[in-house]
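Each residue takes its place number in the sequence, starting with 1.
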Amino acid sequence: MTALAIRGGHLVDPAAGVDGAKDILFIDNRVAEIAAPGKLKTANGAETLDAKGLVITPGLVDIHVHLREPGQGYKETIATGTAAAAAGGATAVAAMPNTTPVND
């Protein structure tokens, strides 16, 4: 079992109606508990990440990306574009069909 406690971040989750400081406990890569700062019940032994001053959100979706492959790989590739998206917090992207041939 792996456990990670993210502490003190500002959680924004519109679907759950949450917008405030929270601690989040992940067990085996799944959210196990969300609580007010310092109130996690089961975080003993968990790796801790201090998120004070940071915003925590569910995965973001970028609906307008130019991956440029095939045909224009010298501008951007699928690998570099998706790596940049992931580094920026996106968990999904929608590639524009402006490639030669058109991507699918």
Might you point out which heavy atoms bring I56 and G9 nearest each other, and give the distance in Å?
CD1-CA, 3.7 Å
For A21 versus P37, what's the shortest heavy-atom pair and its separation?
O-CD, 3.4 Å
The reported gap from NE2 in H10 to OG1 in T57 (rounded to nearest 0.5 angstrom) is 11.0 Å
Check whether any side-chain heavy atom of Q72 sits under 4.5 Å from a side-chain heavy atom of N98, and report yes or no.
no
Hey, is the main chain of L4 close enough, under 3.5 Å, to the side chain of E47 for a donor-acceptor pair?
no
Would you be so kind as to tabulate the donor-acceptor pairs closer than 3.5 Å made by side chains of residues 22-30, with sequence neighbours excluded?
| unit_1 | atom_1 | unit_2 | atom_2 | d |
| --- | --- | --- | --- | --- |
| D23 | OD1 | G8 | N | 2.7 |
| D23 | OD2 | R7 | NH1 | 3.3 |
| D23 | OD2 | G38 | N | 2.7 |
| D28 | OD1 | T2 | N | 3.0 |

Looking at K41 and E33, what are the two nearest heavy atoms and their distance?
N-OE2, 2.8 Å
Consider only side-chain heavy atoms of I, L, V, M, F, W and Y, link residues closer than 4.5 Å, and tell whether I78 and M96 are in one cluster.
no
Spacing of CD1 belonging to I34 relative to CG belonging to L11, to within rounding of 0.5 Å:
5.5 Å
Give every residue pair that meets the ring pair (Phe, Tyr, Trp, His ring centres under 6.0 Å) criterion with at least one member in residues 47-85, sequence neighbours excluded.
H64-H66
Got a second to check how far T82's OG1 is from E76's CD, nearest 0.5 Å?
8.5 Å
Check the hydrophobic clustering (I, L, V, M, F, W, Y; side-chain heavy atoms under 4.5 Å; chains of links allowed) and say if V18 and V31 are grouped together.
yes
